[in-house]
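Here the structure is a predicted model, which is why all the values come from computation and not from measurement.
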Amino acid sequence: KQGKMACQASLASLNLTPEQQTKMDAVMAQHEKEGCNEASEAKYMQEAKTILTKEQYAKFEAECKKSDKDKTQT
């Protein structure tokens, strides 16, 4: 069974620039291709950190943690 991406954070809420949006889309597509596992998730978060501003990343990370919690409760 293919797991969902661990981070389903809404990029729309981050007010990304067009350049950031393009980069995040590429990183997300690569992450989906690799499958959802700890290694690909860590790489995904690390790459997101290089694309987003500190404020955007903090919000992104908070949303990721929130969606992780939601999934473990189901």
Side-chain angles (χ1 to χ4, degrees):
K1 163 184 166 228
Q2 176 67 25
K4 270 190 143 126
M5 280 191 346
C7 186
Q8 294 284 355
S10 169
L11 297 179
S13 69
L14 301 177
N15 299 319
L16 302 179
T17 65
E19 186 182 352
Q20 286 176 313
Q21 183 67 54
T22 301
K23 288 179 179 178
M24 285 301 291
D25 286 345
V27 170
M28 200 175 279
Q30 182 63 35
H31 179 57
E32 282 180 25
K33 226 187 319 184
E34 290 176 6
C36 189
N37 58 53
E38 274 188 51
S40 70
E41 186 66 22
K43 181 177 162 197
Y44 173 60
M45 294 303 284
Q46 194 58 45
E47 292 196 17
K49 197 175 205 173
T50 66
I51 297 166
L52 304 173
T53 65
K54 273 188 179 144
E55 292 80 13
Q56 287 170 325
Y57 184 77
K59 190 172 184 179
F60 176 72
E61 193 176 36
E63 287 216 10
C64 288
K65 288 192 166 90
K66 193 179 89 163
S67 71
D68 283 350
K69 269 196 196 112
D70 292 348
K71 273 200 303 253
T72 55
Q73 290 173 354
T74 47

Reference residue K43; test side-chain hydrogen bond (donor to acceptor under 3.5 Å, both in side chains); the match among E34, H31, E38: E34

Polar side-chain atom of S40 near backbone of G35 as donor-acceptor pair, under 3.5 Å: yes

E32 CD to Q30 CD distance, which is reported to the nearest 0.5 Å: 10.5 Å

Check: Q56 side chain, L14 main-chain N or O, donor-acceptor pair, under 3.5 Å: yes

Shortest non-hydrogen separation from S13 to E63 and the atoms involved: OG-OE2, 3.3 Å

Y44 and F60 aromatic ring geometry - parallel, tilted or perpendicular at 30°/60° bounds: perpendicular

Nearest-0.5 Å distance that lies between atom CE in M28 and atom CD in E47: 12.0 Å

Q20/L11 under side-chain contact (heavy atoms from CB on, under 4.5 Å): CA gap, chis, key distance, verdict: CA-CA 10 Å; Q20 286 176 313; L11 297 179; over 6 Å; no

Approximate separation, where rounding is to 0.5 Å, of N15 CG and L52 CG: 11.5 Å

Electrostatic pair K23:E19 at N-O distance under 4.0 angstrom: yes

